[in-house]
Colleague: 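Take a look at the following structure, please.
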Amino acid sequence: MKEFGPNKQTSDIALIAGMGFLRAVKSETRFRDHFGDKRIRLLEHIINFAISSRVFRFTFNGILIPIISRLPYSVKSQFFNKGFVQSYDLSITAPKTMIQAKIDDAIKNGVTQIVNLSGGYDCGIITSAEANPQVKFIELDRDGPTRDSKIYAIQSFQYYQTTNPFNLKILKNKIYRSNDNLYLVACNLITEDLCKALESANFDSTQKTLFIGEGLTMFLPPEAVSKLFFALSNIMTEESEILLSILTPTSLPLLMRLFLKSSNELYLFTKPVNDVLKYLCEFNLAIKQKYSNVSFKMLDTNNRLLVNSVETTKEPYYVIGKKISSYNYKTFIDIPEIAPEMMKLKGKKEQEDKTNEISKLPAKALLTKATSAHKSIFFYATKNKFKFDLEFHKLDGHLKEKEWVTQAALWAESKWGYMRAFPGLEFREEQVRTYKKHFYIVTYANEPIGMFACYPQTLHPDLNRRNLIHYYLDAMYVIESLRGMGIGSRILEFAKKEFKKQNPNVVITLDTVNPKLNLFYEKHDAVQICEDRSLGCPTTKLRIGERKALK
């Protein structure tokens, strides 16, 4: 049996997480049907191997783990579920159920590669690879005693004491391969390059891939998380997805804090839920779905409910895709007013230096740069106003309707998603399709830069005694890089003229969540009607055309 020296201890966090999962699945016989007997037996073998390989240390964890590993199940369960996190065992098991369901669905939907970014002691990827030889699986984990312990346990595993079903062999550079479709790769995401690690396992960046990062980001410093997202965005296809958790800032129970400190595995990265979408946009990524506590439903093979809801709001899981936006995939928009040499610049520093140089020239007052993870688009404007031609396109029936529905949904989710706890891209797309006859996309140089919707609104007769025609202005949006350049004013003027053509008695009603916007709308003939609420958020209701209608 492999023994590890005193300075090479296995991960305590990975160990207690594996122990918690094992306790949960062994406490309920129907879990065995759900996860499969082979996965549970392999996990038990891995955990037992890790515990027996530990070298005693006179620390909080060094004393605690050997003691609790020998306690009866009920005592261990009470210890973790009360002292660490409420329903600790199920809070680990529920996400693993969701992850396994995501893997199964991805394979059914044509995913050919699955990459697990954080190995730990879990063996779901190992058993999934054995059951799906047509799909390539890659698991990354930091080189060290935790990974070594897991590999030695897999190599020594015998299913029902007969054969080892995984046929794990070492290739080179500490890469192990099992059954020609599973690669175990050593990679420290803090110091090493993700792309190089994947290349060593013959990863194909043109293939539809599911990336999984369970319990990963909180143990990476912020700069490593940024590097990870940047790399993932660079190698993902538009159909690929990332499933991972991002811890929210939270106060931890004393016992949990002591455990983390003793294991030297402190939380390094957290993000409030409302900041996650904006953060991901920096890397050209967007949230497609968010899993919260109400989303976890565990069913056995006969579709009987095991667990309806588990408290997981402190570590929500996100399904993340590439942000689909046509302007993100073009290095520059061809604007004649930009100096021709700008088009030749490729390096980020060269672009920034040229931007600063042009912006200081007296005749050229403003150069605004819209950036994605890898690309930059330069817009030129004079006197802080966007003077170039804008085009307004009705969404319904347009040749780019499908593409623009997705773009509008992404904008809506990034701007107002918090009001519905980020329901996801599919929900937003359905909303946009519902109102597509009244939805407009604003473009410049054939690139979408904004949107708005304006649809008829029926009021109660008591509120509409003057028989006015009411429209409601909704989803008005301009990309951040072009705000403050007069585009919002031009959208409003277009809406007013467009609907006045239909009837001179048209008035347009709107709601603002941010009171600072009221002054902007008041400059365009809007008057405040009342205070209101929308989806629980306080708003101000305004109406354009009210003054003229009152005369």
Colleague: Yes or no on side chain to side chain donor-acceptor pair (under 3.5 Å) for Glu429 and Thr406, after CA distance, side-chain angles and deciding distance?
Modeller: CA-CA 6 Å; Glu429 287 181 341; Thr406 301; 2.9 Å; yes
Colleague: Determine the minimum heavy-atom distance between Ser489 and His524, stating which atoms define it.
Modeller: OG-NE2, 3.0 Å
Colleague: Verify the ring-centre separation between Tyr455 and Tyr435: is it less than 6.0 angstrom?
Modeller: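 Judged by ring-centre distance (under 6.0 Å), Tyr435 and Tyr455 do meet the cut-off.
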Colleague: Are the side chains of Leu492 and Met476 in touch, meaning some heavy atoms are under 4.5 Å apart?
Modeller: yes
Colleague: Any side-chain to backbone donor/acceptor pair from Ser226 onto Pro222? Under 3.5 Å, distance only.
Modeller: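 Yes, the answer is positive, given that a donor and an acceptor are paired below the 3.5 Å cut-off.
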Colleague: Within a strict 4.5 Å, meaning less than it, do heavy atoms of the Ile287 and Leu280 side chains meet?
Modeller: yes
Colleague: Parallel, tilted or perpendicular, judged at 30° and 60°: which one describes the rings of Phe452 and Phe494?
Modeller: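 Judged by the thresholds at 30° and 60°, the geometry between Phe452 and Phe494 is perpendicular.
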Colleague: So, the side chain of Thr443 versus the backbone of Pro448: is there a donor-acceptor pair under 3.5 Å, distance only?
Modeller: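 Side chain of Thr443 to backbone of Pro448: no pair is present.
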Colleague: Measuring from atom CG of Leu228 to atom CZ of Phe269, what distance do you get when rounded to the nearest 0.5 angstrom?
Modeller: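 Rounded to the nearest 0.5 Å, the CG-CZ separation comes to 10.0 Å.
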Colleague: Measuring from Leu244:CG to Leu232:CG, what's the distance to the nearest 0.5 Å?
Modeller: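 Between Leu244 CG and Leu232 CG, I get 8.5 Å after rounding to 0.5 Å.
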Colleague: May I ask you to test the Thr248-Lys271 pair for a side-chain heavy-atom distance under 4.5 Å?
Modeller: no
Colleague: Can you check side-chain contact (heavy atoms from CB on, under 4.5 Å) on Leu140 and Leu198, steps first, answer last?
Modeller: CA-CA 9 Å; Leu140 306 181; Leu198 292 176; 4.3 Å; yes
Colleague: Would you say the side chain of Ile99 lies within less than 4.5 Å of the side chain of Ile212, judging by non-hydrogen atoms?
Modeller: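 Ile212 reaches Ile99 side chain to side chain.
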Colleague: Are the charged groups of Asp511 and Lys541 less than 4.0 angstrom apart, N to O?
Modeller: yes
Colleague: Below 4.0 angstrom, N of the basic side chain to O of the carboxylate: do Lys102 and Glu241 qualify?
Modeller: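 A salt bridge is present here (some side-chain N lies under 4.0 Å from a carboxylate O).
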Colleague: Distance from Tyr477 atom OH to Ser414 atom OG, nearest 0.5 Å?
Modeller: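 Between atom OH of Tyr477 and atom OG of Ser414 there are 4.5 Å.
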Colleague: Start with the C-alpha distance between Ile491 and Tyr440, add both sets of side-chain angles, then the distance that settles side-chain contact (heavy atoms from CB on, under 4.5 Å), and finish with yes or no.
Modeller: CA-CA 10 Å; Ile491 289 176; Tyr440 289 80; over 6 Å; no
Colleague: With a 4.5 Å heavy-atom cut-off, do Phe219 and Thr217 have their side chains touching?
Modeller: no
Colleague: Starting at OG1 of Thr539, measure out to CG of Asp532 and round the result to the nearest 0.5 Å.
Modeller: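 Between atom OG1 of Thr539 and atom CG of Asp532 there are 4.5 Å.
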Colleague: Look up atom CG in Asn234 and atom OG in Ser205, then write down how far apart they are to the nearest 0.5 Å.
Modeller: 8.5 Å
Colleague: Side-chain contact, heavy-atom cut-off 4.5 Å: Phe520 with Asn514?
Modeller: no
Colleague: Considering residues at least two apart in sequence or located in another chain, which fulfil the side chain to side chain donor-acceptor pair (under 3.5 Å) criterion with Thr512?
Modeller: Asn518
Colleague: Just so I know, are the side chains of Ile544 and Lys496 near enough to count as touching, which here means a heavy-atom distance under 4.5 Å?
Modeller: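 In contact.
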Colleague: What's the verdict on side-chain contact (heavy atoms from CB on, under 4.5 Å) for Lys208 and Gln113, showing C-alpha distance, side-chain angles and the deciding distance?
Modeller: CA-CA 7 Å; Lys208 184 178 179 181; Gln113 295 179 135; over 6 Å; no
Colleague: Once the angle between the rings of Tyr279 and Phe229 is folded into 0 to 90°, is it parallel (under 30°), tilted (30 to 60°) or perpendicular (over 60°)?
Modeller: perpendicular
Colleague: Salt-bridged, Arg428 to Glu413, with N to O below 4.0 Å?
Modeller: yes
Colleague: Is Gln457 close to Thr509 at the side-chain level, that is, under 4.5 Å between some pair of heavy atoms?
Modeller: yes
Colleague: Does the pair Glu401 and Lys436 meet the rule for a side-chain contact (heavy atoms from CB on, under 4.5 Å), with working shown?
Modeller: CA-CA 9 Å; Glu401 178 182 323; Lys436 66 180 183 179; 3.0 Å; yes
Colleague: Hey, can you tell me if His393 and Trp404 have their rings parallel, tilted or perpendicular (30° and 60° cut-offs)?
Modeller: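 Tilted: the ring planes of His393 and Trp404 meet at 30° to 60°.
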Colleague: Decide whether Ser118 and Glu214 meet the rule of one side-chain donor and one side-chain acceptor closer than 3.5 Å.
Modeller: no
Colleague: Going by side chain to side chain donor-acceptor pair (under 3.5 Å), name the residues that satisfy it together with Tyr471, two or more places apart in sequence or in a different chain.
Modeller: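 Counting only residues at least two positions away or on another chain, Tyr471 forms a side chain to side chain donor-acceptor pair (under 3.5 Å) with Gln502.
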Colleague: Between Glu403 and Lys400, does any NZ, NE, NH1 or NH2 come within less than 4.0 Å of an OD or OE carboxylate oxygen?
Modeller: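 Answer for the salt bridge query: no.
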